Structures are given as C-alpha cells and as structure tokens.
Amino acid sequence: MINNIYIIGVGLIGGSLALDIKNKRPDITVYGIDKSEQHLIEALELNVIDAKATLDDLDKADLVILSVPVDAAVELLPKVLDKVSDFGLVVDVGSTKLDICKVVENHFKRRNFLAMHPIAGTEFSGPKAAILDLFQHKTNIICEVEKTAFKLQEKALNLFSEIGMRMRYMNPEAHDKHIAYMSHLSHISAFMLGKTVIEKEKNERDIFDMAGSGFESTVRLAKSSPAMWTPIFKQNKENVIETLEGYIANLTQFKNMMKNDDFEGVYNEMKDTNYIKQILNGLK
Ligand code: NAP
C-alpha cells in the first residue's frame with residue numbers, strides 16, 4: 001500500500017508524475033524536495049505537491065521518485081537509498097540508465113531501488129511545466145527489474161500502469177544505446193539546427209516571419225535545458241558520438257549528392273526515408 005510519495009526534483013517530470021498520481025490516487029500524500037526553494041513554493045501553489053519535506057524525512061517514505069538531472073541523480077541516489085526504510089522503494093526517472101545502475105550495484109539496499117525511464121516529456125522545465133496526463137499511453141523503460149524486491153516493484157509498477165504507462169524491460173546498456181538514437185541525437189540535431197540558423201540569419205525578424213516553414217517544429221527541442229542535457233551527453237558520451245558519426249556521414253553524403261548534381265540520388269534518399277511514416281503510423 002502506498003500512502004505517501006516523496007518527489008525529489010519537482011520539475012517537469014517529477015511534477016507531472018505528482019499531478020497524475022494525485023489525480024488517480026487522491027488518498028496519497030505527495031511531498032516535494034528540491035534544491036530550489038522557489039520551485040517548492042511554485043509546486044505548492046500549483047497543487048503539484050501537498051507539502052514540502054527534506055531528505056531527513058525519507059525514512060517515512062513508501063515511495064521516493066528521484067527526478068533530478070542525471071549527474072545529481074548519480075550523486076544523490078546512494079544517499080537516498082541509505083535513508084529509506086526496508087519497506088520504502090526508490091525509483092529514478094533519469095534519461096540515462098547505465099551510470100545510475102552502476103552506482104548502486106553493490107549498495108546494501110539495492111533491492112529497494114527500481115531504475116526506470118518514462119519516455120515522455122516536453123522542452124520545458126520546472127514545476128510550471130508539469131502537466132496532467134503526460135504519461136498517458138507512454139512507454140516506461142524498466143531496467144534490471146530482477147534486482148528489485150518483488151513486492152516493492154509490484155506496487156510501484158501498478159501505480160505507473162494506473163497513470164497510463166506501458167512497461168518495457170531492457171538492460172541499462174541497451175537502453176543507453178537505443179536512447180542515444182531515439183532521443184539524444186534529435187536534441188543535438190535541433191540545437192545545431194538552431195545554431196546554424198541564428199548564425200546565418202542575423203535579423204531576428206526574418207527568423208520570426210519564416211519560422212512556420214517547418215523550422216519551428218524541427219527546432220523545438222533546442223529550447224530544452226542545457227543543465228539537464230549536458231550531463232546526459234556526458235554520461236552517454238560513447239553512444240552519442242556513435243550516433244553523431246552516422247548522422248554526419250549522412251549529411252555529408254547528402255551534401256555531396258547536391259554538389260554533384262545527383263538529384264536522382266537526392267530524390268531516392270528522401271523517398272527511402274519516407275518509410276519513417278509507416279514506422280511512426282505503427283505507433284498510433
Ligand atoms: P526539471 O524540470 O529541470 O526539474 C528538475 C528539478 O530538480 C528542478 O527543480 C531542479 O532545480 C531540481 N534539482 C536539480 N538538482 C537537484 C538536487 N541535487 N537536489 C534536489 N533538487 C535538484 O527537469 P526534468 O525535465 O523534470 O528532468 C528530471 C529528470 O527526468 C532528469 O533526470 C531527466 O533526464 C529525466 N527525464 C526528462 C525528460 C524530459 O523530456 N525533460 C523525459 C524523461 C526523463 P533547479 O532548476 O534549481 O536546478
């Protein structure tokens with residue numbers, strides 16, 4: 001039975017989880033812990049959390065959700081696990097999974113930890129970015145489920161199913177490799193697209209007037225927080241570099257076809273890539 005939840009990091013993901021859980025299980029009390037006092041005040045005002053708490057309260061926790069940037073998560077997780085009772089479960093929601101799983105692999109309370117990555121989000125941060133139903137029909141990747149005490153994982157996974165997520169199971173190495181392609185590369189691509197346009201189009205009015213041409217939707221992820229993404233790229237450096245090498249090779253090939261007036265090649269390249277429509281339609 002989950003009577004209380006302590007969310008560490010009451011931002012987009014922690015806050016959205018809080019909203020969904022409070023919506024489905026109004027009997028659960030949600031406490032917030034954050035290094036930003038301002039974010040705690042906002043989370044209280046927005047009813048994202050019911051009350052503030054501190055790390056010293058975690059011995060009373062049924063469930064702790066660690067939702068801070070991944071560098072902070074690696075540092076905090078062993079300390080948080082030290083504090084929870086034998087009946088408390090800690091889950092993290094970080095976008096990388098290998099470093100977080102490694103840092104507690106020999107922790108005496110490893111069975112009180114569940115590693116997960118909800119594949120949902122937006123480009124915004126902080127408690128004001130929290131939205132209801134963010135996790136509806138979204139995938140939640142669970143890593144090393146066999147290392148978590150069965151009774152503890154069961155109650156947490158039931159709760160995450162209740163707010164609309166479907167669970168998928170993966171080892172942390174596979175998670176980090178696949179997510180580098182599916183998420184991390186898209187963010188770098190958006191950041192560098194934004195940079196290229198800002199460098200060239202010195203007149204902001206021109207960018208504003210012409211942004212409707214597909215630019216705005218393609219560059220959306222470039223609004224994301226560097227404080228969150230830098231540690232993700234650092235932790236997943238090898239996999240991300242591999243994706244970049246493939247991407248840069250494709251960009252170079254495309255440029256060379258243009259230079260060589262190989263527009264049949266350009267056409268075929270795009271035609272082949274239209275296959276993405278079928279793949280994405282399969283998701284709906
Ligand atoms: P966010 O909106 O920036 O929220 C993170 C919150 O944690 C902020 O209030 C931040 O305060 C606080 N914080 C940072 N370091 C802390 C520490 N050491 N102790 C306590 N609080 C701390 O970030 P988010 O987008 O929710 O991301 C949280 C986690 O979810 C990350 O691990 C990320 O990889 C993962 N995730 C994100 C997405 C996404 O699309 N955004 C999707 C899935 C998973 P300050 O702002 O003052 O630093």
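Keep in mind the model is a prediction, meaning the values are calculated, not measured. Just follow the structure's listing: the first ligand is 1, and inside any ligand the first atom is 1. In this chain, residues are counted from 1 in sequence order.
- Summarising the geometry, atom CD1 belonging to Ile5 is positioned 13.0 Å from atom CD1 belonging to Ile49; distances are rounded to the nearest 0.5 Å.
- Ring pair Tyr6/Tyr31 is parallel by interplanar angle, where below 30° counts as parallel and above 60° as perpendicular.
- In Leu76, the part holding a heavy atom less than 4.0 Å from any atom of ligand 1 is the side chain.
- The backbone of Pro118, and not its side chain, has at least one atom closer than 4.0 Å to an atom of ligand 1 (non-hydrogen atoms only; backbone = N, CA, C, O).
- Of all atoms in ligand 1, numbered sequentially from 1 with element shown, those under 4.0 Å from a heavy atom of Ile232 are 34 (O).
- The shortest separation from a heavy atom of Thr122 to ligand 1 is under 4.0 Å, placing the residue in contact.
- The nearest protein atom to atom 18 (N) of ligand 1, hydrogens excluded, is given as Ala72 CB, 3.7 Å; this is a heavy-atom distance.
- Of the candidates Ser183, Pro69, Gly94, Gly32, it is Pro69 that places a heavy atom closest to atom 14 (C) of ligand 1.
- Residue Val93 holds the heavy atom nearest to atom 44 (C) of ligand 1 of all those in Ile8, Ile33, Val93.
- Of all the atoms in ligand 1, the ones that sit under 4.0 Å from a non-hydrogen atom of Ser125 are 2 (O), 3 (O).
- Annotation: atom 15 (N) of ligand 1 to nearest protein heavy atom, Lys35 CE, 3.6 Å.
- Of the protein's heavy atoms, Val68 O, 3.3 Å lies nearest to atom 31 (C) of ligand 1.
- Val10 is connected to Phe135 through a chain of hydrophobic side-chain contacts under 4.5 Å among Ile, Leu, Val, Met, Phe, Trp and Tyr, so both are in one cluster.
- Atom CG of Leu159 and atom CD of Glu154 lie 12.5 Å apart (nearest 0.5 Å).
- Looking at Gly121, Ser67, Ser95, Ala120, it is Ala120 that brings a heavy atom closest to atom 42 (C) of ligand 1.
- Ligand 1 is never approached by Ser16 to a heavy-atom distance shorter than 4.0 Å.
- Hydrophobic clustering of Ile, Leu, Val, Met, Phe, Trp and Tyr side chains at less than 4.5 Å, counting indirect connections, unites Ile142 with Ile13.
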The test is salt bridge (charged side-chain N to carboxylate O under 4.0 Å, His left out); show your working for Lys97 and Asp92 and say whether it passes.
CA-CA 9 Å; Lys97 291 273 67 81; Asp92 92 293; 2.9 Å; yes
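- From the protein, the heavy atom lying nearest to atom 26 (O) of ligand 1 is Ile13 N, 2.8 Å.
- Heavy atoms of His39 found under 4.0 angstrom from ligand 1 belong exclusively to the side chain.
- Counting protein heavy atoms only, atom 25 (O) of ligand 1 is closest to Met228 SD, 3.2 Å.
- With a heavy-atom cut-off of 4.0 Å, Glu123 does not touch ligand 1 at all.
- At a heavy-atom distance under 4.0 Å, no atom of Ala129 approaches ligand 1.
- Residue Asp92 does not touch ligand 1, judged by heavy-atom distances below 4.0 Å.
- In this structure, the protein non-hydrogen atom closest to atom 7 (O) of ligand 1 is Gly9 CA, 3.4 Å.
- The nearest heavy-atom contact from the protein to atom 41 (N) of ligand 1 is Leu12 CD2, 3.4 Å.
- Counting protein heavy atoms only, atom 12 (C) of ligand 1 is closest to Asp34 OD1, 3.3 Å.
- Heavy atoms of Glu75 found under 4.0 angstrom from ligand 1: none, in either backbone or side chain.
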